[in-house]
> 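Please read through the structure below; I'll follow up with questions.
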Amino acid sequence: MSWLTWPFRCIGFFLWFAKEMVTSSAAVLMDNLTPGQNSTPGITAFDSQCRNDYEITLLAALITLTPGTLTLGLNADSTVSQADVARSVPVRTGNLTLYVHSLYAGSADATREELRTMETRMLRGIRREGAPS
């Protein structure tokens with residue numbers, strides 16, 4: 001992918017996220033307005049492919065903005081090399097694990113798959129070179 005497609009990928013991601021916000025809001029609203037409880041809450045550990053603080057902060061904010069989900073914390077088992085300190089956005093190496101609470105978890109694997117889809121779309125939208133392979 002080239003930098004020429006970057007603005008379109010960014011716009012595409014935000015349109016996709018707006019659709020996800022509407023569908024998630026509708027699910028939470030229906031659960032609150034109907035009798036009974038359809039939620040199956042759960043906490044999932046999600047290993048992220050984000051490379052810097054900007055990406056992981058944006059991902060955590062997008063997860064929290066989505067109705068029915070909440071980012072609980074981050075385990076940053078990572079290091080920033082001294083050579084990268086001078087860069088404006090240091091690149092992390094190691095694992096970044098987000099802990100996410102979801103009202104409609106179903107299973108941890110299903111929640112991880114939804115989070116991976118969101119992360120891949122976000123990274124494809126904000127990285128000029130596209131999503132990780």
> Grab the two heavy atoms, one from Ser102 and one from Thr111, that are nearest each other, plus how far apart they are.
CB-CG2, 4.3 Å
> Please tell me whether Glu119 and Ser48 have a donor and an acceptor in their side chains that are separated by less than 3.5 angstrom.
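The answer is yes; a qualifying pair exists.
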> Quick check: do Phe13 and Thr120 have side-chain heavy atoms less than 4.5 Å from each other?
no
> Does some side-chain heavy atom of Leu98 sit less than 4.5 Å from a side-chain heavy atom of Ile56?
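Yes, their side chains come closer than 4.5 Å.
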> Just checking, any donor-acceptor pair under 3.5 angstrom between side chains of Asp31 and Tyr104?
yes
> Is Met21 reachable from Leu29 through a run of I, L, V, M, F, W or Y residues, each pair having side-chain heavy atoms under 4.5 Å apart?
no
> Atom CD of Glu114 and atom CG of Asp109: how far apart are they, to the nearest 0.5 Å?
11.5 Å
> Has Arg9 got a side-chain atom pairing as donor or acceptor with Arg128's backbone, closer than 3.5 angstrom?
yes
> Please name the residue in the list Leu59, Thr71, Leu96 that meets the side-chain contact (heavy atoms from CB on, under 4.5 Å) test with Phe46.
Leu59
> Taking all heavy atoms of Pro67 and all of Ser25, pick out the closest pair and write down the distance.
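Closest approach of Pro67 to Ser25: CG-OG, 3.2 Å.
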> Within the side chain of Thr66, is there an N or O that forms a donor-acceptor pair under 3.5 Å with the backbone of Thr69?
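Absent.
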> Do the non-hydrogen side-chain atoms of Phe17 and Met122 ever get within less than 4.5 Å of each other?
no
> Are side-chain heavy atoms of Glu55 and Arg127 found at a separation under 4.5 Å?
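In short, these two side chains touch, coming nearer than 4.5 Å.
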> Is there a path of hydrophobic side-chain contacts, each under 4.5 Å between heavy atoms of I/L/V/M/F/W/Y residues, joining Leu103 to Tyr99?
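No; tracing contacts between hydrophobic side chains, which count when under 4.5 Å, never links both residues.
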> Rounded at 0.5 Å granularity, tell me how far CE in Met118 sits from CG in Leu123.
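Here the rounded value is 12.0 Å.
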> Could you grab the distance from atom OG1 of Thr64 to atom NE2 of His101, nearest 0.5 Å is fine?
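Output value for this atom pair is 12.0 Å.
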> Work out which heavy atom in Ala105 is nearest to a heavy atom in Gly42; give both atom names and the distance.
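Between these two residues, the closest heavy atoms are CB-N, 3.9 Å.
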> Is Arg116 salt-bridged to Glu113, going by a charged N under 4.0 Å from an acidic O?
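Result for this pair is no, no salt bridge flagged.
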> Atom CG in Leu62, atom CG in Leu115: separation rounded to 0.5 Å?
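The distance works out to 11.0 Å.
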> Would you kindly confirm whether Val100 and Leu70 end up in one hydrophobic cluster when ILVMFWY residues are joined by side chain heavy atoms under 4.5 Å apart?
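Different clusters.
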> Measuring only between side-chain heavy atoms, which start at C-beta, is Ile126 closer than 4.5 Å to Leu58?
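Contact flag for Ile126/Leu58 side chains = yes.
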> Can you measure from CG (Leu15) to CZ (Arg121) and round to the nearest 0.5 angstrom?
11.0 Å
> Grouping I, L, V, M, F, W and Y whenever their side-chain heavy atoms are under 4.5 Å apart, do Leu65 and Phe14 come out in a common cluster?
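Per the 4.5 Å side-chain linkage, Leu65 and Phe14 are co-clustered.
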> Answer whether the closest heavy-atom distance between the side chains of Leu72 and Ile43 falls below 4.5 Å.
yes
